Asks: 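Below: one structure in structure tokens.
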Amino acid sequence: MYKKLLKKLNADKVRKSNNVELEVSPVLDDMITSIKNIVGESDDVVQRDFLIGRKIKASLFYIDGLADENGIESKVIKPLIYFSNDGVENLEGDAFLDFLEQQVTNFIELSVETTYDDAILPLMSGETLLVIDGIPKFILFETRQFNQRSIEEPESEIVVRGPRDGFNEVLHTNVMLLRRRIRDPNLTVQFGHLGRRSKRDFALVYLKGVTNEELVEEMRYRIACIDIDDVAETGDLEQFVEDNVLSPFPQLLRTERPDKTSAQLLNGKVVVIIDGTPFVMIAPLTFEEYFKSPEDNYDRWQIGTFVRILRYVGAFIAMFLPALYIAMVSYHQGMIPTTLALSIAGSREGVPFPAFIEALLMEFTIELLREAGVRLPRPVGQTIGIVGGLVIGDAAVRAGIVSPIMVIVVALTAIASFALPAYNISITFRMLRFGVMIAAALFGLFGIVISYILINIHLVGLRSFGSYYTSPFAPYEFSNWLDLVLRAPISLQKTRKAEPSKLDTKRQV
């Protein structure tokens with residue numbers, strides 16, 4: 001439904017723009033006046049006037065702090081002023097520009113634009129703009145420089161075994177990390193701009209010959225439909241391009257790890273990298289990928305299988321354990337072994353609340369501690385998390401507000417939710433857990449079963465860029481079960497995944 005609405009609203013495929021095209025004059029003073037009118041009264045826009053070959057008037061513009069001033073001085077201004085102009089007096093227009101590019105400034109990347117719209121945008125991103133008297137064109141020099149964070153280990157995806165480099169906030173560094181891993185000339189990187197006012201750089205990356213062209217075109221179309229002031233992070237972009245905005249389940253993959261991203265590219269997926277964030281977005285996504293990590297393939301297949309089973313069990317505990325406790329204690333005491341039932345009854349003696357309120361209080365407290373621990377400075381946050389959990393849990397039991405077994409249930413649930421490699425899907429499970437708890441409090445085990453069925457119905461109907469979200473569970477695809485819950489030896493995994501559809505299905509022969 002959302003996809004149809006999106007297409008209807010953007011049927012002409014034309015993105016709105018506030019750019020105004022100005023006529024370019026060959027007179028230098030007119031061009032300088034127009035540029036100043038466009039960039040406003042910004043004090044960080046630097047203008048340098050000089051004579052090319054000590055004869056031709058020219059002006060150079062750059063942004064203080066974004067452009068490399070030493071490079072501008074040594075590679076642009078000095079060569080233009082001091083070059084030998086013998087024999088070039090008769091050169092005009094394009095011939096003169098070709099001479100400057102090939103004979104004078106040949107140690108720096110150069111491009112020529114013909115409109116103010118095309119020239120001002122690179123200037124705002126750190127390139128240097130040169131205008132020459134008598135030539136109605138703009139010469140741009142690649143002089144961008146950025147103070148960037150070094151390549152470090154990803155903080156949101158801790159690595160036990162595997163490469164420890166992670167993406168940072170610089171777009172070209174992140175593209176370089178992918179190029180280092182996939183040296184196939186078919187790896188295609190296409191740059192563009194996002195945001196009506198921010199003009200933030202982004203890159204669309206895919207592997208030609210493997211990735212389906214329709215998937216690439218669909219991603220291009222959805223990105224082109226975005227018309228907003230700024231897209232600051234891939235999380236913003238994800239909410240614009242996902243298929244179902246009402247679903248609590250994330251439909252696109254986010255990661256800081258280059259090795260994970262390169263593996264997804266080899267599986268025929270499309271990657272979007274936005275300048276200014278270390279998180280890249282990968283489309284499409286299937287549900288089972290939230291239970292996988294690149295490390296599964298770095299260890300032997302038995303270890304990878306064992307860890308994946310643990311993750312599935314952890315997801316089940318994170319979603320259903322408190323609800324099962326509520327249902328058993330409130331409605332189905334006969335299903336609990338007698339000794340355990342007596343133990344639970346003894347531990348709950350004196351607790352004034354029903355099991356649902358007891359569980360709700362503890363779950364809310366744990367979520368509060370977890371959120372506070374994330375927001376506080378790291379050393380303080382860890383201390384608050386540990387001390388707060390122990391002290392509040394012990395105090396609550398001593399005060400008779402909750403039973404000791406409830407503390408065990410909540411602690412086990414909290415630990416299980418961290419077993420998943422992806423942080424955003426664990427948040428989804430944590431949110432849905434409250435809904436399942438309410439169903440268990442109202443209808444017992446029947447409520448849990450109904451919740452489970454409803455969640456599965458929703459998952460089966462979900463799509464991610466046209467791919468089935470629950471593949472290869474539904475639709476059933478046996479060849480992909482060799483790398484699902486069980487991780488078969490890599491030598492047996494000869495085909496790529498069924499979703500998304502791709503041009504080359506063989507990963508090895």
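All figures in this text were calculated on a predicted structure; none of them were measured in a lab. Side-chain atoms are counted along with the backbone in the values below, which use heavy atoms only and exclude waters and symmetry mates.
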Asks: In plain terms, say whether R222 and D243 are close enough for a salt bridge, that is, a side-chain N and a carboxylate O under 4.0 Å apart.
Replies: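 Salt bridge flag = yes for D243 with R222.
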Asks: Walk me through whether T261 and Q264 qualify under side chain to side chain donor-acceptor pair (under 3.5 Å).
Replies: CA-CA 5 Å; T261 308; Q264 296 291 345; over 6 Å; no
Asks: Looking at P278 and E169, what are the two nearest heavy atoms and their distance?
Replies: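 The pair with the smallest heavy-atom distance is CD-OE2, 3.7 Å.
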Asks: I want to know whether W301 and F306 have ring centres closer than 6.0 Å.
Replies: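 Ring centroids of W301 and F306 are no less than 6.0 Å from each other.
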Asks: Salt bridge check, R463 against E242: does any charged N sit closer than 4.0 Å to a carboxylate O?
Replies: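 The answer is no: the pair does not qualify as a salt bridge.
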Asks: Can a side-chain donor-acceptor contact be found between Q251 and E238 if the only test is distance below 3.5 angstrom?
Replies: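 No, because no side-chain N or O of E238 sits under 3.5 Å from a partner of the opposite role on Q251.
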Asks: Under the side chain to side chain contact (heavy atoms under 4.5 Å, CB included) rule, what do D483 and R308 come out as? Steps first, then yes or no, please.
Replies: CA-CA 10 Å; D483 187 25; R308 278 190 195 171; 2.7 Å; yes
Asks: Does the side chain of L252 reach to within under 4.5 Å of the side chain of S464, using non-hydrogen atoms?
Replies: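 Contact flag for L252/S464 side chains = yes.
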Asks: Less than 4.5 Å apart, any side-chain heavy atom of P421 and any of K292?
Replies: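 Not in contact.
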Asks: What about the rings of Y312 and F291, do their centers lie closer together than 6.0 Å?
Replies: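 Yes, ring centres under 6.0 Å apart.
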Asks: Ion pair present between R200 and D236, side-chain N to carboxylate O less than 4.0 angstrom?
Replies: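 Looking at D236 together with R200, the answer is no, because their closest N to O distance does not fall below 4.0 Å.
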Asks: Give the intermediate values and the outcome of side chain to side chain contact (heavy atoms under 4.5 Å, CB included) for residues M281 and V241.
Replies: CA-CA 11 Å; M281 189 186 78; V241 301; 4.0 Å; yes
Asks: Considering only NZ, NE, NH1 and NH2 on the basic side and carboxylate oxygens on the acidic side, decide whether R144 and E142 come within less than 4.0 Å.
Replies: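 Counted as a salt bridge, because a side-chain N and a carboxylate O are separated by less than 4.0 Å.
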Asks: Taking S417 for its side chain and A414 for its backbone only, find out whether a donor-acceptor pair lies under 3.5 Å.
Replies: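 Here the side-chain-to-backbone pair exists.
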Asks: Mark yes or no for whether N267, through its side chain, and K269, through its backbone, hold a donor-acceptor pair below 3.5 Å.
Replies: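 No.
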Asks: Which heavy atom of L66 sits nearest to which heavy atom of S125, and what is that distance?
Replies: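 Result for this residue pair: CD1-C, 4.2 Å.
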Asks: When you measure from the side chain of E371 to the backbone N and O of E367, does any donor-acceptor pair fall under 3.5 Å?
Replies: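 Not a single qualifying donor-acceptor pair exists.
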Asks: Using modelled atom types only, decide if a donor and an acceptor are shared between the side chain of S347 and the backbone of I344 within a distance under 3.5 Å.
Replies: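 Yes: the side chain of S347 pairs with the backbone of I344.
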Asks: Do the side chains of S156 and F279 get nearer than 4.5 Å, heavy atoms only?
Replies: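 A side-chain contact under 4.5 Å exists here.
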Asks: Compare all side-chain heavy atoms of R254 with those of I282 and state whether any distance is below 4.5 angstrom.
Replies: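 Answer no - side chains too far apart.
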Asks: Would you say CZ of R149 has more than 12 non-hydrogen atoms from neighbouring residues, nucleotides or ligands within 6.0 angstrom?
Replies: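 Result for CZ/R149: enclosed.
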Asks: Can you tell me if T143 and E127 form a side-chain donor-acceptor pair at under 3.5 Å?
Replies: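 E127 and T143 do not have a side-chain donor-acceptor pair below 3.5 Å.
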Asks: If you compare all heavy atoms of V351 against all heavy atoms of S403, which two are closest, and at what distance to 0.1 Å?
Replies: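 Residues V351 and S403, closest heavy atoms: CG2-N, 3.9 Å.
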Asks: Do Y469 and H458 come close enough that some side-chain heavy atom pair is under 4.5 Å?
Replies: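 A side-chain contact under 4.5 Å is absent here.
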Asks: With distance as the sole criterion, is a donor-acceptor pair present between the side chains of S262 and R179 under 3.5 Å?
Replies: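 Side-chain D/A pair, S262 to R179: absent.
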Asks: Okay, side chain of H332, backbone of L445: is any donor-acceptor separation there less than 3.5 Å?
Replies: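 Side chain of H332 to backbone of L445, a donor-acceptor pair under 3.5 Å: yes, one is there.
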Asks: Using every non-hydrogen atom in the two residues, find where L194 and F202 come nearest and quote the distance to one decimal.
Replies: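 Minimum heavy-atom separation between L194 and F202: CG-CD2, 3.6 Å.
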Asks: If every non-hydrogen atom of R180 is compared with every non-hydrogen atom of R183, which pair is closest and at what distance?
Replies: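 Shortest heavy-atom contact: O-NE, 3.2 Å.
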Asks: With a 4.5 Å cut-off on side-chain heavy atoms, are E288 and T470 touching?
Replies: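 T470 vs E288: side chains apart.
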Asks: Indicate yes or no: at least one non-hydrogen side-chain atom of Y298 is less than 4.5 angstrom from one of P163.
Replies: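 Y298 reaches P163 side chain to side chain.
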Asks: Would you indicate whether Y290, at its atom OH, is surrounded by more than 12 heavy atoms from other residues, nucleotides or ligands within a distance under 6.0 Å?
Replies: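 More than 12 heavy atoms, drawn from other residues, nucleotides or ligands, come within 6.0 Å of this atom.
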Asks: With the threshold set at 4.0 Å, does a side-chain nitrogen-carboxylate oxygen contact exist between R164 and E152?
Replies: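 Salt bridge between R164 and E152, a charged N being under 4.0 Å from a carboxylate O: no.
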Asks: Are any of the side-chain nitrogens in D227 or R196 under 4.0 Å away from the carboxylate oxygens of its partner?
Replies: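 Yes, D227 and R196 are salt-bridged.
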Asks: Has Q239 got a side-chain atom pairing as donor or acceptor with V245's backbone, closer than 3.5 angstrom?
Replies: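 Flag not set: sc Q239 to bb V245 has no pair under 3.5 Å.
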Asks: Side chains of R487 and Q302: is there a donor and an acceptor less than 3.5 Å apart?
Replies: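 Checked: R487/Q302 side chains show no N/O donor-acceptor pair below 3.5 Å.
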Asks: CD of E217: more than 12 outside heavy atoms within 6.0 angstrom?
Replies: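 Atom CD in E217 is packed in, count exceeds 12.
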Asks: Show your working on side chain to side chain contact (heavy atoms under 4.5 Å, CB included) between L484 and F473 and close with a plain yes or no.
Replies: CA-CA 9 Å; L484 192 59; F473 293 108; 3.5 Å; yes
Asks: What verdict does the side chain to side chain contact (heavy atoms under 4.5 Å, CB included) test give for V210 and N186, after you've listed the backbone C-alpha separation in whole Å, the side-chain angles of each residue and the deciding distance to 0.1 Å?
Replies: CA-CA 9 Å; V210 176; N186 290 312; over 6 Å; no
Asks: Which heavy atom in T255 sits nearest to a heavy atom in E157, and how many Å separate them?
Replies: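 Closest heavy-atom pair between T255 and E157: OG1-OE1, 2.9 Å.
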Asks: Would one find more than 12 heavy atoms of other residues, nucleotides or ligands at under 6.0 Å from atom OH of Y331?
Replies: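 More than 12 heavy atoms, drawn from other residues, nucleotides or ligands, come within 6.0 Å of this atom.
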Asks: Are F353 and I401 packed together at the side-chain level, in the sense that at least one heavy-atom pair is separated by less than 4.5 angstrom?
Replies: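 Yes. Closest side-chain heavy atoms under 4.5 Å.
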Asks: Run the ring-centre check on H172 versus F191 and record whether the distance is less than 6.0 Å.
Replies: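 Yes, the ring of H172 comes within the 6.0 Å limit of the ring of F191, centre to centre.
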